[in-house]
Amino acid sequence: MAERKPLISGNWKMHHNHFEAIQMVQSLSYQLNADDYNVCDVSVHPPFTDLRSIQTVLESDHIPISLGAQHCHQEEKGAYTGEVSAGMLQKLNVKLVIVGHSERREIFGESNAQINSKVKAIFKHGMTPILCVGETIEEREEGEAETKVRTQLEEGLQDIGRERIGAMVVAYEPIWAIGTGATATPEDAQNMCAHVRESIKSIAGNGSAETIRIQYGGSVKPVNAAELMNQRDIDGALVGGAALEAESFARIIQYRLH
Ligand code: 13P
């Protein structure tokens, strides 16, 4: 079985101006040590306005945390007021871009086809997509969760090469667990992450399914991180609220010690 290094990512959403962001990253780096980075990859995904400041802090202090973004537009350039392209993110040394977060899908109406174009744009610029998938509580109760996730993967990954799929990240985030404090049980999270891996196997083959990293997201906290991370098909976490403060995010990254 392939060794998959865990990836723990902090999605700050629309929190922290660039002053607060600098403080947070400096404080986080004081709390992490070389051992932590050896066993676990870490990324932070601040708002666009913070990216340049955080890039400078990470690079000048040689902090091995990857810079991430929360979103990008699929086109290279053009009359898209308010949008930011994948090429612009690459110039800031962004390594990972979250795509298809449920808040983008629900609040901003992003479709699987648009998300597929964004995944392609992110790869084109040498970055790694973190493709988010997940079901609503109604879909879960009606037994449609697996089909929903399968469709999001099939449509979101259409015409993407196997090798690229094997190198990317999928984040399973049940919508009912996001920001609610209602974490999925480790068993439910494991079952759905196993379903994601099975789906990847049929989309892109066994090799890609073995190497792709699958994160769980939805009310991950220091108290539940270890149990979730110890599941066979869970290779990391996409953390919202608990990634806003250095101490709680560091404790999640150091889940193996707690
Ligand atoms: P919470 O950790 O606040 O539930 O947010 C999860 C999330 O949406 C991360 O992308």
Side-chain angles (χ1 to χ4, degrees), residues 1-9 11 39-43 45 66 68-72 74 86 89-90 94-102 104-105 110-135 145-174 184 186-218 220 228-239:
M1 216 179 74
E3 263 304 307
R4 295 180 296 265
K5 189 175 180 188
L7 169 66
I8 298 192
S9 305
N11 173 13
V39 296
C40 186
D41 288 334
V42 180
S43 67
H45 300 250
S66 298
Q70 300 174 16
H71 162 69
C72 71
Q74 56 272 29
L89 296 176
Q90 181 191 24
V94 165
K95 300 293 184 206
L96 294 141
V97 185
I98 297 170
V99 57
H101 191 279
S102 62
R104 298 289 325 170
R105 294 176 188 265
E110 285 185 10
S111 66
N112 284 328
Q114 275 173 319
I115 288 162
N116 179 242
S117 310
K118 291 176 199 287
V119 170
K120 288 175 182 161
I122 295 163
F123 273 127
K124 184 174 171 204
H125 288 278
M127 300 179 292
T128 302
I130 299 181
L131 172 63
C132 300
V133 297
E135 80 286 357
E146 296 203 345
T147 313
K148 163 92 177 285
V149 166
R150 175 75 175 236
T151 305
Q152 287 177 321
L153 291 169
E154 282 171 355
E155 296 184 7
L157 296 177
Q158 209 165 350
D159 302 321
I160 313 274
R162 288 173 173 225
E163 214 163 287
R164 284 184 161 178
I165 292 178
M168 66 180 283
V169 183
V170 168
Y172 167 58
E173 298 205 310
E187 294 72 32
D188 283 347
Q190 160 57 26
N191 286 343
M192 194 57 108
C193 290
H195 171 67
V196 168
R197 203 175 301 285
E198 258 323 291
S199 305
I200 294 297
K201 192 170 163 181
S202 60
I203 295 167
N206 202 28
S208 306
E210 278 297 318
T211 54
I212 194 169
R213 291 192 284 187
I214 302 171
Q215 296 178 317
Y216 167 79
V220 175
L228 289 159
M229 292 293 298
N230 287 335
Q231 302 301 313
R232 193 165 56 92
D233 286 293
I234 299 181
D235 311 313
L238 184 53
V239 188

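- Nearest approach of Val119 to Gly156, heavy atoms of both residues: CG2-O, 4.0 Å.
- By the side-chain contact (heavy atoms from CB on, under 4.5 Å) test, Arg105 pairs with Asn112, Ile115, Leu131, Val133, Gln152, sequence neighbours left out.
- Within the structure, salt bridge (charged side-chain N to carboxylate O under 4.0 Å, His left out) pairs that include any residue of residues 199-209 do not occur (at least two apart or interchain).
- For the atom pair OH (Tyr216) and CD1 (Ile234), the distance works out to 8.0 Å, reported to the nearest 0.5 Å.
- Interatomic distance, NE2 of His125 versus SG of Cys72, reported as 8.5 Å (0.5 Å rounding).
- Side-chain contact between Cys132 and Leu238 is present, with heavy atoms from C-beta onward closer than 4.5 Å.
- Rounding to the nearest 0.5 Å places CG of Asp235 at 7.0 Å from CG of Asp233.
- A donor-acceptor contact closer than 3.5 angstrom links the side chains of Ser9 and Ser43.
- Pairing each heavy atom of Ala184 with each of Asp188, the nearest pair is CB-CB, 4.4 Å.
- By the side-chain contact (heavy atoms from CB on, under 4.5 Å) test, Ser111 is found to be paired with Ala113, Gln114, residues two or more places apart in sequence or in another chain being considered.
- For the pair Met229/Pro6, a side-chain contact is recorded, criterion being any heavy-atom separation below 4.5 Å from C-beta on.
- Nearest heavy atoms, Ala204 versus Arg162: O-CG, 3.3 Å.
- A donor-acceptor pair is defined here as one N or O able to donate and one able to accept, closer than 3.5 Å; such a pair exists between the side chain of Gln215 and the backbone of Leu7.
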Leu96 vs His45, side chain to side chain contact (heavy atoms under 4.5 Å, CB included): CA-CA, chis, key distance, verdict: CA-CA 8 Å; Leu96 294 141; His45 300 250; 3.9 Å; yes

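- Counting heavy atoms from C-beta outward, Arg104 and Ile98 have side chains that stay 4.5 Å or more apart.
- Remark: Gln158 engages no residue in a side-chain hydrogen bond (donor to acceptor under 3.5 Å, both in side chains) (not counting sequence neighbours).
- With sequence neighbours excluded, no residue forms a salt bridge (Lys or Arg N to Asp or Glu O under 4.0 Å) with Glu146.
- Scanning for salt bridge (Lys or Arg N to Asp or Glu O under 4.0 Å) contacts around Lys95 gives an empty result, with sequence neighbours left out.
- Looking only at side-chain heavy atoms (C-beta outward), Lys120 and Ile160 come within less than 4.5 Å of each other.
- Closest of all the heavy-atom pairs between Leu153 and Ser199 is CD1-CB, 3.7 Å.
- For Asp41, the side-chain hydrogen bond (donor to acceptor under 3.5 Å, both in side chains) criterion is met by Lys5, Arg213, not counting sequence neighbours.
- Among residues two or more places apart in sequence or in another chain, the side-chain hydrogen bond (donor to acceptor under 3.5 Å, both in side chains) test is passed with Asn11 by none.
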Intermediate values then yes/no, side chain to side chain contact (heavy atoms under 4.5 Å, CB included), Asn116 and Glu155: CA-CA 7 Å; Asn116 179 242; Glu155 296 184 7; over 6 Å; no

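- Of all the heavy atoms in Pro186 and Leu228, the pair that sits closest is CA-CD2, 4.0 Å.
- Taken from CE in Met192 to OH in Tyr172, the straight-line distance is 4.0 Å, to the nearest 0.5 Å.
- Every residue two or more places apart in sequence or in another chain that forms a side-chain hydrogen bond (donor to acceptor under 3.5 Å, both in side chains) with Gln74 is listed here: Lys118.
- Under the rule for a salt bridge (Lys or Arg N to Asp or Glu O under 4.0 Å), the partners of Glu135 that lie at least two apart in sequence or sit in another chain are Arg140.
- With sequence neighbours excluded, the residues satisfying side-chain contact (heavy atoms from CB on, under 4.5 Å) with Ile212 are Ile165, Met168, Val170, Arg197, Ile200, Ile214.
- When the side-chain contact (heavy atoms from CB on, under 4.5 Å) test is applied to Glu163, no partner is found at least two apart in sequence or on another chain.
- Closest approach of Ile130 and Ala171 over heavy atoms only: CG2-CB, 3.9 Å.
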